Amino acid sequence: MTKTYLMKFVTDLRGRLDRIGGLPSHLPDSFPVGPNGEELAFLAQFECIAPRLEIPGIKFIQIYQDLVGEPWPHAVTLGHDAIENIEQVGVRHPNLSRYEIIWNEYEEPVEPYDWDGVEVLSEIEEGILQSPKAGGFCYLDSTISSDEQFLLQLPEEDLSPNNRIFGGLTLLIVLNSNGEVEALLG
C-alpha cells in the first residue's frame with residue numbers, strides 16, 4: 001500500500017496556500033513569459049511540505065500557461081524566501097475558477113507501477129488512481145521516464161470541467177533527473 005494525498009477543491013476561500021486559479025500567494029523571481037513575450041497566466045500553486053510534497057529548498061510549485069499559444073504548462077519553483085504577493089500582481093487565467101485545495105491522506109491499494117494490481121481493482125478504486133493527487137501511483141506513468149519522480153497529477157476534467165485548459169489531457173508534475181520540477185501533459 002502506498003500513501004497518496006488526494007486533492008479536494010473548495011470554494012470557501014480562507015487563504016490556503018494550495019490553490020487553483022486566481023493569483024499566486026507568493027511571487028516568483030520573475031513571471032514566466034511565452035514565445036510572444038507575454039506574461040503567462042497563473043494556473044495553480046502547491047505548497048511543498050512533508051509528507052505530501054517534500055523537495056529540499058523549494059517552498060512552492062507554481063504552474064503557468066500561455067493563453068494564446070500551445071496549452072503547455074510551465075512549472076516555476078519558489079524558495080522559502082519567496083515574497084508574498086501583497087499587491088496581487090500577475091495574470092489570472094480567464095477560464096479557470098478560483099479554488100483552494102484541502103488534502104486527504106489515502107492508502108492506495110497498489111504500489112507504483114503495479115499494473116497487474118490495477119487490473120483487479122474496482123472501478124471506484126481505479127478512478128481514485130486517476131484523480132487529482134500528490135504521490136502514489138501515477139496512472140500515466142508511460143508519460144514520464146524512469147529517471148523522473150512523479151510528484152502530482154491534475155486531470156483537466158477535475159480542474160476545469162467546462163473549459164479546455166490542457167487540450168483534454170492531465171497535468172503531471174515530476175522531479176527530473178537534474179532535480180528540477182517539470183510540468184508535463186499526458
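Note: hydrogens, waters and symmetry copies are ignored here, and every other heavy atom, side chains too, is used. Just so you know, these numbers come straight off a predicted model, no measurement behind them.
- Remark: E111 CD is packed, more than 12 non-hydrogen atoms of other residues, nucleotides or ligands lying under 6.0 Å away.
- Q62 places no side-chain N or O within 3.5 Å of a backbone atom of P24 that could act as its donor or acceptor partner.
- The two residues V89 and L23 make their nearest non-hydrogen contact at O-CD2, 3.9 Å.
- A donor-acceptor pair is defined here as one N or O able to donate and one able to accept, closer than 3.5 Å; no such pair exists between the side chain of N178 and the backbone of E180.
- No donor-acceptor pair under 3.5 Å is formed between the side chain of Q149 and the backbone N or O of L175.
- E100 and R98 are joined by a salt bridge, as a carboxylate oxygen and a charged side-chain nitrogen come within less than 4.0 angstrom of each other.
- F137 approaches K133 most closely through the heavy-atom pair O-NZ, 2.6 Å.
- For an aromatic pair to be called close, the ring centres must be under 6.0 Å apart, and W115 with Y139 satisfies this.
- When all heavy atoms of L53 and A134 are compared, the closest pair comes out as CG-CB, 4.4 Å.
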(request) Decide yes or no on side chain to side chain contact (heavy atoms under 4.5 Å, CB included) for F46 and I63, but give the supporting numbers first. (result) CA-CA 9 Å; F46 305 98; I63 309 299; 4.2 Å; yes
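- No more than 12 heavy atoms of other residues, nucleotides or ligands shown are found within 6.0 angstrom of CG on D29.
- With a 6.0 Å radius and a threshold of 12 heavy atoms from other residues, nucleotides or ligands, E107 has its CD atom above the threshold.
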